[in-house]
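Below: the structure, in structure tokens.
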Amino acid sequence: MTHRDDVLANCRPASEAPFSKKEFWGRLERIRKLMAKARIDVLLVTAPEGMYYVSGYQCEWYQGQSPRQWPASSGIAIHVDRDRFIHFDTEREAVLTRLTSVAEDIRIFPPATMRDGIAFIASELEKEGWLPGTVGIEMHSYRPNRIISHRFQDALEAAGAKVVDGTDILREVRWVKSDAEMACLEEAARIADIGLGAAQAELRPGVMELEVYGAMFHAMTKAGGEGAAITMPVLSGQKTNAPHALASRKKIRQGELVLVDVSGVHKRYHCNMARTYSMGEPRKDVAELAAKACGSMAVLKSILRPNLPVAELNRTMKTYYEEHGLWRDRGWIGGYEMGIAFPPDWVGGFVYDPLSEINADRVFEPGTAVNYENQFFLPRHEGMYFMIETLLFKDTEARFASKVPYELTVIE
């Protein structure tokens with residue numbers, strides 16, 4: 001046997017699965033219940049977040065923008081009536097699969113196919129007796145792309161399957177977190193606070209935005225934090241009016257505002273925070289607007305509780321902004337689900353804001369986590385006052401995840 005064959009067949013590094021098998025089997029049971037409700041016989045999970053949720057599998061590269069010869073075709077198949085799942089992957093990831101996944105049934109693509117396992121997956125599912133039937137694929141996921149998704153659909157339909165969109169199964173079941181998941185979010189919040197502290201310590205005139213970013217990232221990794229799914233903004237001056245800009249070699253100047261938007265990450269669970277800093281004393285009208293904006297957080301804190309209706313949060317916060325003259329200068333007000341995230345996005349599937357009816361009939365159940373963003377444009381194009389907090393809803397309490405104050409912090 002060659003070294004290569006020996007490694008691919010037998011190398012088993014110590015497991016880095018992030019949770020116990022009991023945790024994963026509980027997730028599988030909840031997924032199967034939703035599948036039964038949706039009348040889906042087989043669910044093919046290809047989104048990185050879903051594969052991680054089901055098995056613990058994580059990878060640095062998911063072929064998101066790969067050559068045509070290397071399609072993103074690895075995935076996990078779940079049957080509504082089976083208490084196990086099948087993990088399909090290329091031999092290039094055979095060792096990685098055993099390192100990170102709790103899967104007990106791992107099937108590696110034939111070597112000649114390299115990364116194109118579509119025909120193999122359809123054939124194996126048919127041999128297993130899981131086809132024909134109704135198969136859900138994640139049509140709203142970027143992985144796989146449109147062409148590869150159609151190839152999957154064609155192969156499954158050729159085996160007699162009815163193919164439907166199964167995206168919402170995993171997104172819905174992930175909405176309510178277990179105690180183990182909530183503990184990850186607590187740790188991610190601790191890491192995010194460390195990042196904000198490191199950014200503040202690095203801030204001074206003449207420092208590049210990238211230097212602040214580097215100090216923040218270094219501090220979080222030293223605290224055990226992982227890389228965030230979105231490049232975290234550190235923006236200064238008028239750039240804060242474009243909060244999705246990237247940190248650059250721009251040097252921070254005296255008198256500017258600086259926005260720091262960070263996510264702490266623990267076991268791929270993200271906790272998102274943002275704060276605004278002033279390089280020297282701000283002008284009076286800027287300070288007054290910032291103080292009014294900060295006051296909204298006390299209002300939000302006063303209504304937090306398990307099973308808080310989304311509509312009540314939206315209505316209460318909108319009323320505060322209107323009464324204090326902030327509403328007309330708003331950026332985006334609202335939030336979205338926090339949890340598992342891989343590049344290129346940490347924005348979860350659940351979103352809410354006071355100008356939309358989407359999810360307005362829902363409540364923030366125990367075991368849910370969302371961020372809350374409130375952004376306000378300042379006079380003279382000086383920038384945007386920007387605050388983000390993560391809200392954690394538990395059985396007996398709901399609270400802010402961060403311990404970092406919201407006030408406009410002045411850097412002398």
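Position 1 is the first residue of the sequence, and the numbers go up from there.
Within a 6.0 Å sphere centred on CG of Asp179, other residues, nucleotides and ligands contribute 12 heavy atoms or fewer. Applying the 6.0 Å contact sphere to CZ of Arg92 captures no more than 12 heavy atoms from other residues, nucleotides or ligands. Counting non-hydrogen atoms of neighbouring residues, nucleotides and ligands closer than 6.0 angstrom, the CD atom of Glu412 exceeds 12 such neighbours. Enclosure of atom CD1 in Ile303 by more than 12 non-hydrogen atoms of other residues, nucleotides or ligands within 6.0 angstrom is indicated. The number of heavy atoms from other shown groups lying within 6.0 Å of NZ (Lys251) does not exceed 12. Other residues, nucleotides and ligands contribute over 12 non-hydrogen atoms within 6.0 Å of the CZ atom of Arg305. With a 6.0 Å radius and a threshold of 12 heavy atoms from other residues, nucleotides or ligands, Trp332 has its CH2 atom above the threshold.
For the pair Tyr277/Leu257, no side-chain contact is recorded, criterion being any heavy-atom separation below 4.5 Å from C-beta on. No side-chain heavy atom of Leu378 sits under 4.5 Å from any side-chain heavy atom of Met384. Between Tyr372 and Met317, the closest side-chain pair of non-hydrogen atoms falls below 4.5 Å. Inter-residue side-chain proximity for Val135 and Phe152 is flagged as unmet; no heavy-atom pair is nearer than 4.5 Å. In this structure, the side chains of Ile86 and Arg107 come closer than 4.5 Å at one or more pairs of heavy atoms.
Side-chain contact of Asn371 with Tyr336: a donor-acceptor pair under 3.5 Å is present, judged by distance alone. Donor-acceptor pairing under 3.5 Å is recorded for the side chains of Glu365 and Trp175. Between the side chains of Tyr385 and Gln375, no donor-acceptor pair is found at a separation under 3.5 Å. Side-chain polar atoms of Asn272 and Asp261 form a donor-acceptor pair below 3.5 angstrom. No hydrogens or angles considered: a donor-acceptor pair under 3.5 Å links the side chains of Arg143 and Ser74. A donor atom on one side chain and an acceptor atom on the other are found under 3.5 Å apart for Ser296 and Asn374. Side chains of Glu23 and Ser178: a donor-acceptor N/O pair is present below 3.5 angstrom, by distance only.
To the nearest 0.5 Å, atoms CZ (Phe342) and CE (Met51) are separated by 9.5 Å. Of the inter-residue distances, the one linking Leu8 atom CG with His3 atom NE2 reads 13.0 Å to the nearest 0.5 angstrom. Summarising the geometry, atom CD1 belonging to Ile108 is positioned 5.0 Å from atom OG1 belonging to Thr97; distances are rounded to the nearest 0.5 Å. Remark: Asn314 CG to Ser356 OG distance equals 8.5 Å, nearest 0.5 Å. We find the CZ-OG distance between Arg146 and Ser149 to be 9.5 Å, quoted to the nearest 0.5 Å. Note that CH2 of Trp130 is 13.0 Å distant from CG of Leu156, once rounded to the nearest 0.5 Å.
With salt bridges taken as basic N to acidic carboxylate O contacts below 4.0 Å, one links Glu93 and Arg115. Between Arg362 and Glu172 there is a salt bridge, since a side-chain N of the basic residue sits under 4.0 Å from a carboxylate O of the acidic one. By the 4.0 Å N-to-carboxylate-O rule, Glu91 lies close enough to Arg4 to be salt-bridged with it. Salt-bridge annotation for Arg190 and Glu186: absent, with no side-chain N of the basic residue lying under 4.0 Å from a carboxylate O of the acidic one. The pair Arg32-Glu29 does not count as a salt bridge, with every side-chain nitrogen at least 4.0 angstrom from each carboxylate oxygen. Ion pair Glu256/Lys250 flagged as a salt bridge, since at least one NZ, NE, NH1 or NH2 atom sits closer than 4.0 Å to an Asp/Glu carboxylate oxygen. The pair Glu389-Arg275 counts as a salt bridge, with a side-chain nitrogen and a carboxylate oxygen less than 4.0 angstrom apart. A salt bridge links Asp116 with Arg151: the distance from a Lys NZ or Arg NE/NH1/NH2 to an Asp or Glu carboxylate oxygen falls below 4.0 Å. Salt bridge status for Arg84 with Asp105: present, with a side-chain N to carboxylate O gap under 4.0 Å. A salt bridge is defined here as a Lys NZ or Arg NE, NH1 or NH2 lying under 4.0 Å from an Asp or Glu carboxylate O, and Glu312 with Arg315 fails to meet this definition. The existence of a salt bridge linking Lys239 and Glu209 is confirmed by a sub-4.0 Å separation between a basic side-chain nitrogen and an acidic carboxylate oxygen. Ion pairing between a basic and an acidic side chain is recognised when a charged N comes within 4.0 Å of a carboxylate O; Lys177 and Glu337 show such pairing.
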Derivation and outcome, side chain to side chain contact (heavy atoms under 4.5 Å, CB included), residues Asn145 and Ile148 = CA-CA 6 Å; Asn145 64 32; Ile148 305 307; 3.3 Å; yes
Determine, step by step, whether Arg330 and Phe377 satisfy the side chain to side chain contact (heavy atoms under 4.5 Å, CB included) criterion, reporting the C-alpha distance in whole Å, the side-chain angles of both residues, the deciding distance to 0.1 Å, and the verdict.
-> CA-CA 6 Å; Arg330 69 189 181 278; Phe377 291 100; over 6 Å; no
Could you go step by step and tell me if Gln200 and Met216 meet the side chain to side chain contact (heavy atoms under 4.5 Å, CB included) rule?
-> CA-CA 9 Å; Gln200 180 176 335; Met216 178 174 68; over 6 Å; no
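For the pair Arg27 and Phe19, the cation-pi criterion (under 6.0 Å, within 45° of the ring axis) is fulfilled. Stacking of Arg268 on the aromatic ring of Tyr52 is not recorded, the 6.0 Å distance cut-off and the 45° axial limit not both being met.
The side chain to side chain contact (heavy atoms under 4.5 Å, CB included) test with Ile78 is passed by exactly one of Val42, Val54, Ile40: Val54.
Relative ring orientation between Tyr57 and Tyr62 is described as perpendicular, the plane-to-plane angle rising above 60° on a 0-90° scale split at 30° and 60°. Between Phe88 and Phe120, the ring planes are perpendicular. Angles over 60° get that label, and only those under 30° would be called parallel. Taking the six-membered ring where the residue is Trp, Trp327 and Tyr321 present parallel rings, their angle staying beneath 30° rather than reaching 60°. Between Tyr213 and Phe217, the ring planes are parallel. Angles under 30° get that label, and only those over 60° would be called perpendicular.
Thr276 and Phe386 make their closest contact through OG1-O, 2.8 Å (heavy atoms, listed as atom of the first residue, atom of the second, distance). Annotation for Ala247 and Leu235: closest pair N-CD2, 4.1 Å, computed over non-hydrogen atoms. Taking each heavy atom of Ile411 and Leu203 in turn, the nearest pair found is CG2-O, 3.5 Å.
Ring centroids of Phe393 and Phe364 are separated by less than 6.0 Å, placing the two rings close together. Aromatic pair Tyr406/Phe400: centroids less than 6.0 angstrom apart.
A donor-acceptor pair under 3.5 Å links the side-chain atoms of Thr100 to the main chain of Leu96, judged by distance alone. Under the 3.5 Å distance criterion, the side-chain polar atoms of His324 are matched with a main-chain donor or acceptor of Tyr320. Side-chain atoms of Arg39 do not come within 3.5 Å of backbone N or O of Lys37 as any donor-acceptor pair. Formation of a donor-acceptor pair under 3.5 Å by the Glu49 side chain with backbone atoms of Ala341 is not found in this model. A donor-acceptor pair is defined here as one N or O able to donate and one able to accept, closer than 3.5 Å; no such pair exists between the side chain of Asn359 and the backbone of Tyr352. Judged by distance alone, with hydrogens and angles left aside, the side-chain atoms of Asp329 form no donor-acceptor pair with the main-chain N or O of Phe376 at under 3.5 Å.
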